Amino acid sequence: MSDPPSESVSPLPLVIAVDGPAAAGKGTLARRLAAALDLAHLDSGALYRAVGLAVLRAGGDPADEAAAVAAAASLDTGRLSDPALRAPETGDAASRVAAFPSVRAALLDFQRRFARNPPAGRRGAAIDGRDIGTVVVPDAPVKIFVTASPDERARRRFAELQAAGADVIYPAVLSELEARDGRDSSRAVAPLKPADDAAILDTSTLDAEAAFRAALDIVAQRAPGWRRLVQDVR
Ligand code: DC
């Protein structure tokens, strides 16, 4: 019988699926994991936001499937840095276009290719979204479902929007967030839910640093070949 792989052997490509509801801290966490472990990062929500924004800018209705799928089919995945992508109304439009199976299908292949062949020769990928661990990369070795109480998530989103100079009130932020979670969780296709084998990370009482450290522990547990690198990062 051959020996088990030694921890000094170079690690296998690593895919970390980071899913969870709005404003749970998925993006910050996935970006930090990617930077620390030399992985490519993909914010899959930006794809749905770009589709929603394209529909809005064309004067269309995000609830119109034909308009949404046309926008998804012609999406330029190289241009996902428009600040308008972060606006609350774009998040709302994203959640509406994301409920159409045809839109999801149009974006699936790009996400899967990103996971299998991470750009720029990276050693793997950290992808954040709603269905990465359940649908996009169900065989990802590390799945983290990041969550926090609705109040805490709304508080964070409110602070973010205020810091960006937006004229917002807390109750409106909370109700928008709850409406979006409700829509994302109840849709028929690829709803927001933890994969059966996801580690649940509740960040209600954790700051970004503590969440990052807890996530590194999960990576070390789930991807033993990466333990050495995780230790170096710590
Ligand atoms: O993560 P975010 O807030 O940028 O996502 C915006 C919307 O996009 C979200 O409300 C639902 C949708 N989305 C999705 O359906 N599946 C994903 N993998 C990522 C986002």
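Please read these numbers as outputs of a predicted model, since none were measured by experiment. Atoms within each ligand, like the ligands themselves, are counted from 1 in listed order.
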S.K.: For atom 12 (C) of ligand 1, grab the closest protein heavy atom and report residue, atom and distance to one decimal in Å.
M.R.: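 The protein heavy atom lying closest is Ala98 CB, 3.7 Å.
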S.K.: Taking Lys143 as the fixed residue, which of Thr134, Asp196, Asp197 is the one that meets the side-chain hydrogen bond (donor to acceptor under 3.5 Å, both in side chains) rule?
M.R.: Asp197
S.K.: May I ask you to list the atoms of ligand 1 that are less than 4.0 angstrom from any heavy atom of Gly45?
M.R.: 4 (O), 5 (O), 19 (C), 20 (C)
S.K.: What part of Arg86, side chain from CB on, backbone N/CA/C/O, both or neither, has a heavy atom under 4.0 Å from ligand 1?
M.R.: side chain
S.K.: Carefully, step by step, assess Ser44 and Val136 under the rule side-chain contact (heavy atoms from CB on, under 4.5 Å).
M.R.: CA-CA 10 Å; Ser44 68; Val136 176; over 6 Å; no
S.K.: Between ligand 1 and Asp184, is the shortest N or O to N or O distance under 3.5 Å?
M.R.: yes
S.K.: Find out whether Val233 and Phe212 are in side-chain contact, i.e. whether some heavy atom of one side chain is under 4.5 Å from a heavy atom of the other.
M.R.: yes
S.K.: Per the salt bridge (charged side-chain N to carboxylate O under 4.0 Å, His left out) rule, what does the pair list look like for residues 154-171, sequence neighbours excluded?
M.R.: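 Of all non-adjacent pairs touching residues 154-171, those that pass salt bridge (charged side-chain N to carboxylate O under 4.0 Å, His left out) are Glu152-Arg155, Glu152-Arg156, Arg157-Glu160.
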S.K.: Please check whether Asp43 reaches ligand 1 - meaning an N/O of the residue sits under 3.5 Å from an N/O of the ligand, judged on distance alone.
M.R.: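 It does not: no N or O of Asp43 is found under 3.5 Å from an N or O of ligand 1.
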S.K.: With side chains defined as the heavy atoms from C-beta onward, is the minimum distance between Leu229 and Leu37 less than 4.5 Å?
M.R.: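 A side-chain contact under 4.5 Å exists here.
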S.K.: Please determine if Asp131 has a nitrogen or oxygen closer than 3.5 Å to a nitrogen or oxygen of ligand 1.
M.R.: yes
S.K.: Considering only non-hydrogen protein atoms, determine which one is nearest to atom 5 (O) of ligand 1 and report residue, atom name and distance to 0.1 Å.
M.R.: Arg130 NH2, 3.5 Å
S.K.: For Arg104, is the nearest heavy atom under 4.0 Å from an atom of ligand 1?
M.R.: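 A heavy atom of Arg104 does come that close to ligand 1.
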S.K.: Does Arg104 have any side-chain hydrogen bond (donor to acceptor under 3.5 Å, both in side chains) partners at least two apart in sequence or in another chain, and if so, which?
M.R.: Tyr48, Asp131
S.K.: Picking from Lys26, Arg130, Arg49, Arg86, what satisfies salt bridge (Lys or Arg N to Asp or Glu O under 4.0 Å) with Asp43?
M.R.: Arg86
S.K.: Please state which protein non-hydrogen atom is closest to atom 19 (C) of ligand 1 and give its distance, to 0.1 Å?
M.R.: Ser44 OG, 3.4 Å
S.K.: Side chain, backbone, both or neither: which applies to Arg96 and ligand 1 if a contact is any heavy-atom pair less than 4.0 Å apart?
M.R.: neither
S.K.: Between Asp202 and Ser204, does any side-chain donor sit less than 3.5 Å from a side-chain acceptor?
M.R.: yes
S.K.: Give the atom numbers and elements of ligand 1 that come within less than 4.0 Å of a heavy atom of Arg180.
M.R.: 3 (O), 5 (O), 6 (C), 7 (C), 9 (C), 10 (O)
S.K.: Could you check whether any side-chain heavy atom of Val55 comes within less than 4.5 Å of a side-chain heavy atom of Asp61, counting everything from C-beta outward?
M.R.: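 Not touching, per the 4.5 Å side-chain cut-off.
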S.K.: Consider every N or O of Tyr48 and every N or O of ligand 1, then say whether any pair is closer than 3.5 Å.
M.R.: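 N/O-N/O distance below 3.5 Å does not exist for this pair.
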S.K.: Distance under 4.0 Å to a non-hydrogen atom of Ala94: what atoms of ligand 1 satisfy this?
M.R.: 6 (C), 7 (C), 8 (O)
S.K.: Return the closest protein heavy atom for atom 4 (O) of ligand 1 as residue, atom name and distance.
M.R.: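 The answer is Arg49 NE, 2.6 Å.
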